[in-house]
Amino acid sequence: MAKYPQEEKEQLIEKFKNSGLSIASWARKNGLPISTVTRWVSKHDKKSKYSKDVKFIEIKTTQAGKTLKMEIGAVNILVDRYTDLELLAKVINVVNKINV
């Protein structure tokens with residue numbers, strides 16, 4: 001089985017998406033296993049669902065001292081007013097990568 005560098009996979013995925021062909025047709029035309037192209041496209045689409053940059057929004061509450069529960073996949077994160085936002089951003093990025 002041939003190993004493709006990530007950059008080459010991305011280029012091939014882009015060519016597939018611009019081709020207008022089904023995965024099976026495109027894979028056959030390019031001499032690649034259908035299962036391989038399917039896996040690449042699936043992983044690519046999952047990754048693109050999540051932004052690589054964490055963006056924060058302000059949530060106002062009238063209940064002081066309450067915590068916010070965030071669920072990312074199977075991971076639960078509790079956030080309160082003392083939470084280190086820089087650390088939280090790093091944690092969210094790691095969790096997103098794990099869930100991909």
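Residues forming a side chain to side chain contact (heavy atoms under 4.5 Å, CB included) with N18 (at least two apart in sequence, or on another chain): E14.
When hydrophobic side chains of Ile, Leu, Val, Met, Phe, Trp and Tyr are connected at separations under 4.5 Å, V37 ends up clustered with Y4, L12, I13, F16, L21, I23, W26, L32, I34, W40, V41.
L85 and I77 fall within the same hydrophobic cluster, defined by Ile, Leu, Val, Met, Phe, Trp and Tyr side-chain heavy atoms under 4.5 Å apart, directly or through other members. L87 and V95 end up in the same hydrophobic cluster when Ile, Leu, Val, Met, Phe, Trp and Tyr side chains are linked at under 4.5 Å.
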Item to complete: Kindly indicate, with the supporting measurements, whether the criterion side-chain contact (heavy atoms from CB on, under 4.5 Å) is fulfilled by E71 and K69.
Response: CA-CA 7 Å; E71 294 181 21; K69 179 180 177 183; 3.6 Å; yes
Practice prompt. Apply side-chain contact (heavy atoms from CB on, under 4.5 Å) to L88 and V79, showing your working.
Written response: CA-CA 8 Å; L88 177 61; V79 179; 4.0 Å; yes
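Interatomic distance, NZ of K29 versus OG of S25, reported as 9.5 Å (0.5 Å rounding). The structure places CE of M70 at 3.5 Å from CD1 of I92, a figure rounded to the nearest 0.5 Å.
E7 has no carboxylate O lying under 4.0 Å from a charged side-chain N of K9, or vice versa, which leaves the two without a salt bridge.
No more than 12 heavy-atom neighbours from other residues, nucleotides or ligands sit within 6.0 angstrom of NZ on K15.
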